[in-house]
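Order of the sequence lines sets the chain letters (A, B, ...), proteins ahead of strands, with each chain counted from 1.
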Amino acid sequence: MNQPRPLKIYNSLSGKKEIFTPITPGYVGMYVCGPTVYSDVHLGNCRTFTSFDVIYRYLLHLGYKVRYVRNITDVGHLTDDGEDRMAKGAKVAQLEPMEVAQRYTVGFRDMMRIFNTLPPSIEPIATGHIPEQIAMVQQILDNGLGYESNGSVYFNVPKFAEQYKDVYGSVSGRILDDLYNETRELKSQEEKRHPADFAIWMKARPEDLMIWESPWSTGFPGWHLECSAMSTKYLGKNFDIHGGGNDLKFPHHENEVAQNHGACGCHPANYWLHTNMLLLNSKKMSKSDGNTITPEQLFTGDSPFVSKSYSPMALRFFMLQAHYRSTLDITDDALLAAEKGYRKVMETNKLLQNMPITAVSSSTETDTDRAILACIESAFEGMDDDFNTAIAIASVNDLGTYIHKLANQQLDGSEISPWVLERAKAAINDLIINVFGLTDDTASGGDDKAINGLMDLVLQLRANARTNKDWGTSDQIRDALNAAGIVVKDGKEGSTWSIGA
RNA sequence: GGUUUCUUGGCCGAGCGGUUAGGCACAGGUCUGCAAAACCUGCUACAGCAGUUCGAAUCUGCUAGAAACCUCCA
């Protein structure tokens, strides 16, 4: 632990930022609601899981030992017409439900890798935890908070609200009385005693494909339940952080909390974090109404919404420029700007890492030293303040200015103390690579021996031409490289190159 | 209809009562054989109205517009 610095986290339960205090010092249990794998991941998922990836990474950076659990839901998610999402997907594609789940689970994991998110510590699958879910239904029944109706089991929300004052509604701010009239008519409505009640076990109809035996009927678990059962199994009855998209607050998280109370008698998580939506055309991205763009379309540029292709890392940077609790609107202009900003940050870091550290150590701290240290401090303060990546990036940019000045010799090398430069190298690299999770997708100089050798030769030939004032040859080389997507940058110390538009 | 949230300069986007956020774009300059890159300078905004305060983008109220949830969604 290198963590005396207090971390502030916005808790949806209180509606304000709170100092984060883990249940067990040094350890963090974090559960994030994962995807329902019935079709391809969409970008909104990517933003949510990228946000939690940065949160996970920052907790690791702070020295916490984190158990990060993110589920895969492959059953129990009903559509409007009461059909299971998996089964519906299976029927459409004439596949086994598990084939559907498998295909999209693999696709999801691939996409997470493309966005360079770290895999969770545990990625439990709903259908792999049917016994745990059945046991939880039984516990809820034993505690008198559920009732069986025609083979299905429902959670008794009014009774729960009476027994646990001020719990139902604590996540979403919903008021139970309002729910009486609001809940819309569903097929199984008549089996419920109260409109706000929700199924924790559903009796199967003849056409249902994904079914299991239970004490009540052959059927399947309700949505919500898998998260309660699996978070309890892997993180305990009470753990530190529970996360998910904003749109899961109600009913999913509200019901999850109710189930945990109903089964275990206590609140599952101390801190509830909700990420905000990714917008397209100023509206929430949504598959159902077609207002959507897939990650692949962004990577290829094949969409009416964008003018060109964008790399996964440019997208990741784009997301990081906004705070996770703010909505973020996708526009071509914004992506263009983010892409340039991303390249700049990566170039700056490369410049910094390659900067030689002079042996001479000045005894006094210079103004530049202080300014650079202030940038570093401000970057981490930003992260400490509810994971404010926007502020952290701004601070990195501020620091970058000094690095460039130093590289251009607009600032004398003696202006920065060796230990400060060393600190900057470590801190900025840690921030950009380990915390932001950005990789250099331009694959420019440094990695490939063959390309580097080739480029050294080409640039040497060009340097010779320039020495001879053979501008024709010099420019021919530069233009040809440019056409090949390689940018040559002439500096005082010679020329460097990088790949990128 | 109910609940909640949002409205920041050409664009994106921080901000949580008193500071230049930052990026992109644009204009001028330095450097350069010319460019590019980098650096410097400029552009300095908070939907509207009223109020609280020595002081408000930040707090309160009203008005206008937008969004999310209430129904599957990250």
Side-chain angles (χ1 to χ4, degrees), chain A residues 15-17 32-36 38-39 41-52 77-81 83 85 88 169 172-175 177-179 181-186 223 243-252 274-279 282-289 317-318 321-323 325-342 344-345 347-348 351 378 382 385 388-398 400-405 407-411 466 469-471 474-475 478-479 482 487-492 495-496 498:
Chain A
K16 47 178 95 117
K17 288 180 193 168
V32 173
C33 288
T36 303
Y38 63 98
S39 69
V41 240
H42 74 250
L43 256 191
N45 289 280
C46 297
R47 149 104 122 154
T48 293
F49 300 130
T50 297
S51 296
F52 282 108
H77 225 150
L78 300 183
T79 59
D80 286 353
D81 47 16
E83 195 166 14
R85 283 198 179 283
K88 185 171 186 179
S172 63
R174 209 119 316 213
I175 295 157
D177 288 341
D178 296 343
L179 260 29
N181 306 316
E182 288 171 9
T183 310
R184 121 233 254 211
E185 296 299 311
L186 278 175
W223 180 38
N246 220 187
D247 49 359
L248 292 181
K249 274 186 184 170
F250 191 89
H252 186 241
H274 291 98
T275 58
N276 218 134
M277 299 294 104
L278 197 55
L279 309 181
S282 301
K283 293 234 178 75
K284 179 179 163 180
M285 292 189 78
S286 161
K287 271 184 288 203
S288 51
D289 63 15
F317 186 83
F318 169 68
Q321 276 188 310
H323 186 87
R325 277 192 291 114
S326 300
T327 54
L328 175 60
D329 201 355
I330 288 196
T331 62
D332 196 49
D333 284 345
L335 289 172
L336 232 28
E339 182 182 55
K340 292 200 177 184
Y342 157 69
K344 189 171 177 179
V345 164
E347 283 298 314
T348 299
L351 203 56
S378 140
D385 188 7
N388 197 323
T389 48
I391 285 183
I393 288 173
S395 304
V396 169
N397 276 315
D398 285 339
T401 300
Y402 291 99
I403 300 309
H404 281 291
K405 278 188 194 174
N408 291 348
Q409 298 173 349
Q410 286 166 319
L411 203 58
R466 295 182 73 204
K469 297 199 191 305
D470 178 2
W471 310 127
S474 160
D475 289 351
R478 185 175 65 196
D479 294 346
N482 241 316
V487 181
V488 178
K489 298 168 193 170
D490 296 332
K492 285 215 164 67
S495 303
T496 57
S498 61

Test side chain to side chain donor-acceptor pair (under 3.5 Å) on A:N276 and A:T327 and set out the steps.
CA-CA 5 Å; A:N276 218 134; A:T327 54; 5.3 Å; no
Would you mind telling me which of B:C39, B:C34, B:A74 lies closest to the side-chain atoms of A:T401?
B:C39
Of all the choices, B:C69, B:C39, B:G22, which nucleotide is nearest to the side chain of A:D247 once you look at every atom?
B:C69
Residue A:R466, side-chain atoms from C-beta onward, closest of B:C34, B:A36, B:G2:
B:C34
Distance between P atoms of B:A74 and B:C11 (Å, rounded)
32 Å
Among B:G2, B:A21, B:A74, the one nearest A:A394 by side-chain distance
B:A21
Protein-nucleic acid N or O pairs under 3.5 Å, nucleotides 7-15 of chain B:
unit_1: B:G13; atom_1: OP1; unit_2: A:D329; atom_2: N; d: 3.3
unit_1: B:G13; atom_1: O2'; unit_2: A:Q321; atom_2: O; d: 3.4
unit_1: B:A14; atom_1: OP1; unit_2: A:H323; atom_2: N; d: 2.8
unit_1: B:A14; atom_1: OP1; unit_2: A:S326; atom_2: OG; d: 3.0
unit_1: B:A14; atom_1: O3'; unit_2: A:N388; atom_2: ND2; d: 3.1
unit_1: B:G15; atom_1: OP1; unit_2: A:N388; atom_2: ND2; d: 2.6

For A:K284 and B:A68, what is the distance between atoms NZ and C1' respectively, to the nearest whole Å?
7 Å
Taking the same atom, P, in B:C40 and in B:C31, what whole-Å distance lies between them?
15 Å
Kindly express the pairing pattern of RNA chain B in dot-bracket notation, using | wherever a base pairs with another strand and counting only Watson-Crick or G-U pairs under 3.5 Å.
((((((((.[[[..)..(...]]].(((((.......)))))....[[[[[..)....]]]]])))))))....
Short heteroatom pairs, N/O only, protein and nucleotides 25-29 of chain B, under 3.5 Å:
unit_1: B:A25; atom_1: OP1; unit_2: A:K340; atom_2: NZ; d: 2.5

What's the closest nucleotide to the A:R478 side chain, out of B:C39, B:A21, B:G33?
B:G33
I need the NE2-P distance between A:H404 and B:C40, as an integer number of Å.
10 Å
A:W471 ring over B:G33 six-membered base ring, under 5.5 Å and 30°
yes
In whole Å, measure the gap between the P atoms of B:A27 and B:A35 for me.
15 Å
